[in-house]
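Beneath this line is the structure, given in structure tokens, with notes to follow.
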Amino acid sequence: MGCLRWFLSRFYCSPQGWADRDRLTERRRLDIPIRSARKPPGMFVSLREEAEDALRGALSSLSLPTTDLGIEEPPEDVPAVLASSVAFRLAGERGTPPPQVASEIASEIDLAEYDYLDAISTQDPYLNFTPSEAYYADTLEAAGAADYGRLPAREESVAVEHTSANPTGPVHIGRARNPIVGDAIARTLDLAGYDVARHYYVNDAGRQIALFAWAYEAFEESDLPDPERDRADCDLVRYYRTGNSFLEDADDEARGEAEAEIEALMQGLEAGETEAYERVSRVVDEVLGGMQASLQRLPATFEEFVKETRFMRNGSTEAIVARLENSPYAEREEGAWQLDLAEWDIEKPFVFLRSDGTSLYTTRDLAHHEWKFANFDRAVTVLGEDQKLHASQLEAALEILGNDTGRLTSTFYSWVDLPEGGMSTREGTGVDLDDLLDEAIARAREEVEDRLGSRIRDDDLDDADLSRIARQVGIGAVRYDIVAKQPTKAITFEWDRALDFEAQSAPYVQYVHARACGILAEAGRLDGNKRDPFAALESMPGSEEDSRGAPPVDPETIDALDIPEERALLEVIARFPAVVETAAEDLTPHTIATYTREIAEAFNAFYRECPVLDAPEELKEGRLALVVLREKSRNGSGRFAPSNGEPRAVST
RNA sequence: GGGCGUGUGGCCUAGCGGAUAGGGCGAGAGGUUCCUAACCUCUCGAUCACGGGUUCAAAUCCCGUCACGCCCGCCA
């Protein structure tokens, strides 16, 4: 990572996270300090700060500018943890070739002042920094803490809104990215010290919902096809689909009658009538219950389900409308009220009140967001890419209403499509999340059973164990497949690719956990119920379980750990808090997924080269400590792992 | 048409201004009397969509082109 970017990221919102989006936010970026100075998160950041300080000092005494220090992580084959390419930039100024500038800088640095910097070497124009024994020893000790990787509490609350799919039918995988990404973001922010609440914003007031409630009353069970599953969402979606196709195919008169009923229901909702609310709630609550059952399997859970109607019934939507009507940007167009957002580079006027006097989704969302601002310090919303225009209109309108929209960040993800095209709840096309999870578990179970025969360890696994492991492996694979990718990239769903259990996948990471647990169990460092190393897979990505019971790590044992694989593992472990911090700032949980793979690779190399249980006594403790550490890092990263993404209902 | 996003070996993906572009899948060759081989090692394979530009340095920044996706409702 370039120094400039890093530098900026420490003080401002990163370009991909809090502050990313559109010009709207960009304007304000410089005004948003992310926080005051805090203790550096982990040894790696401390080392980086020392390197910066050393460079800055050297440049300054050479009378060179210190704007961009060019700090980066060197390629793998370079035996250093940090490097700098400043010499390139200063060569012109100095009038000497870069390698010579590098040497001059290196000789200007007094290492005695630093705890973690051990040596600076030059390799052509690069300055390479290698860490001291204290760096490894302190990492060994710090990482021994039960909550290693968790950053200190920030006393800053964040509402993470995600999924928020229209409660009209079962969750399908076109939307499955939203709960997975959303939950990963929530976990990441939680790890980074924020006080996080997960919200599902329930559309129980829109036209589609009114239509749904109407259809539920208008059609008979006998008119409907059999449900796909015995569950409320699958049951009721049949009414929704039937209602939609009825309106498409009906003659004008029949359609007119139906539309009138739907319209009357919407008016009732707008007026805050209890009867209208109850008619809608009947279908909404039931469907939501079914959807929750699917989401919990991931697991994606919520602290709160926030209903749109809440902001109609409490009068806040009405109040928003009144305030907007009085704003200088408001104008009346054919009986409807709209905002002219040209000043925000949004060409489309934003209609906030229909000519019949009813509010729109976005109008209610304004009230919703003011409620968030009143109750939380920040708000993060995970949205499908189709929501971008809506999100920028929302933000502009919030600004007109006098809110500090720097507190709101929307993050977007692209669709998951099937090879044959998109998915739609309304049309009933697509693969349900439950079907995906069932298939994933079935395939995982096959894999587990296939491998039973070749197992060396003699431990009894009963059917319940197999089911548990299959569930963990299967669901972990689905979740990892989605979190590990940048959300902006479109995904075409293919069974074999999503359910690949080897290599860069959750099971790869889970397997490392199993290996570590196997060693710890053998060494008597785990509880009896963890004797079964396969059982360890269960906790894999996302459990709260940790390696309690492991002894505290003695930093003295670092002396015995001098094999490259041991050091490399420690170096990866040292970066964990920094990875969490960056992922939280940028809202990029996929970087934690990448990190877990790196730590797994480092552990596998260590595992290959360094026998633990058969090691000489003086080595054994140290190596066991490494196993424990890796376990702890895995825990923190495990919390991140699940996440998903799923768009707000559009074409449901 | 306008706006936004994406484009990295046959496929998937990391990197997003600096050291010969990392991984994985796939293909080929090996490795287990030893803490689980859901692992590891090696080989094959890339004009980083294309064309310009900025820079000592571009996959990375800028402009243009092409392809794909999304949006441009008094829908959500």
Side-chain angles (χ1 to χ4, degrees), chain A residues 1-2 4-5 15-16 21-22 68 70 72 74-78 83-85 88-89 91-92 97-98 123-126 128 164 166 203 205-209 333-338 345-348 351-356 358 360-362 365 384-390 392 412 414-415 417 422 444 447-448 450-451 454-457 473 481 484-486 488-491 494 496-497 500-505 507-508 510-512 514-516 518-523 533-534 537 590-591 594 597-598 601 604-605 607-608 610-615 623 627 647-652:
Chain A
M1 181 188 299
L4 180 60
R5 180 174 139 70
Q16 298 190 329
R21 276 169 305 174
D22 43 22
D68 186 346
E72 59 187 272
E76 266 179 56
D77 55 340
V78 174
S84 166
S85 59
F88 277 119
R89 242 152 285 143
Q123 192 170 330
D124 298 324
Y126 292 94
N128 293 324
S164 302
N166 275 356
N203 168 17
R207 198 172 185 290
Q208 291 301 320
I209 297 300
E333 182 71 30
E334 294 180 18
W337 279 93
Q338 60 186 35
D345 290 330
I346 298 168
E347 294 307 315
K348 283 286 162 187
V351 176
F352 62 91
L353 193 70
R354 293 189 182 98
S355 51
D356 67 0
T358 58
L360 290 90
Y361 172 83
T362 311
D365 210 13
E385 60 180 346
D386 58 317
Q387 304 288 313
K388 283 186 180 177
L389 176 63
H390 160 251
S392 57
F412 301 92
S414 299
W415 301 108
D417 286 326
E447 292 284 335
V448 173
D450 283 353
R451 291 162 207 269
S454 58
R455 300 178 66 223
I456 294 169
R457 198 176 293 270
V473 170
D481 184 59
K485 290 174 182 156
Q486 294 190 52
T488 47
K489 299 206 176 201
I491 294 178
E494 288 164 48
D496 288 340
R497 200 187 296 156
D500 177 9
F501 296 140
E502 290 187 358
Q504 298 185 338
S505 65
Y508 176 83
Q510 289 171 321
Y511 184 60
V512 166
R515 280 181 152 177
I519 293 173
L520 295 175
E522 205 67 35
F534 257 133
L537 285 176
H590 78 274
T591 56
T594 303
R597 205 181 64 232
E598 285 169 7
E601 281 164 2
N604 275 328
Y607 182 91
R608 183 180 71 248
C610 306
V612 175
L613 298 174
D614 295 334
R623 288 185 175 168
V627 176
R648 212 116 117 151
V650 171
S651 58
T652 51

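Sequence lines set the chain letters: A, B, ... in the order given, protein chains first and strands last, and positions in each chain run from 1.
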Can you tell me, in whole Å, how much space there is between the C1' of B/rC70 and that of B/rA76? 15 Å
Which one is paired to B/rA27, where only Watson-Crick or G-U wobble pairs with both distances under 3.5 angstrom count? B/rU43
Check whether any side-chain N or O of A/K348 sits under 4.0 Å from OP1 or OP2 of B/rG73, and answer yes or no. yes
What contact category does A/S355 fall into here, base, sugar-phosphate, or nothing, at under 4.0 angstrom with non-hydrogen atoms? base
Taking only residues two or more places apart in sequence, or in another chain, which ones meet A/T591 in a side chain to side chain contact (heavy atoms under 4.5 Å, CB included)? A/A583, A/T588
Counting the atoms with a prime plus P, OP1 and OP2 as sugar-phosphate, which does A/A83 contact under 4.0 Å by heavy atoms, base, sugar-phosphate, or nothing? base
Its contact letters, B for base, S for sugar-phosphate only and - for none at protein heavy atoms under 4.0 Å, make nucleotides 22-28 of chain B read SBSS---
Taking the C1' atom of each, how far is B/rG17 from B/rG24, in whole Å? 27 Å
For atom C1', what is the distance between B/rU36 and B/rG10, given to the nearest Å? 33 Å
Whole angstrom is fine here: how far is it from CD in A/Q387 over to P in B/rC71? 9 Å
To the nearest Å, how far apart are A/E385 CD and B/rC70 P? 7 Å
OP1, OP2 of B/rC40 versus side-chain N and O of A/Y508: anything below 4.0 Å? yes
Does A/H390 have a side-chain nitrogen or oxygen under 4.0 Å from the phosphate oxygens OP1 or OP2 of B/rC4? no
Taking only side-chain N and O atoms of A/R608, does any of them lie within less than 4.0 angstrom of OP1 or OP2 on B/rC34? no
What are the two closest heavy atoms between A/K485 and A/I491, and how far apart are they? CD-CD1, 4.2 Å
Distance test, side-chain N/O of A/K489 to OP1/OP2 of B/rG69, below 4.0 Å: no
Is any side-chain nitrogen or oxygen of A/R515 closer than 4.0 Å to OP1 or OP2 of B/rC40? no
Output all residues satisfying salt bridge (charged side-chain N to carboxylate O under 4.0 Å, His left out) with A/D496, sequence neighbours left out; order by chain, then residue number. A/R443
Distance between P atoms of B/rC63 and B/rG2 (Å, rounded): 15 Å
Can you tell me the distance, in whole Å, between the CD atom of A/Q486 and the P atom of B/rG5? 14 Å
Using OP1 and OP2 only, check whether a side-chain N or O of A/Y511 sits under 4.0 Å from B/rA38. yes
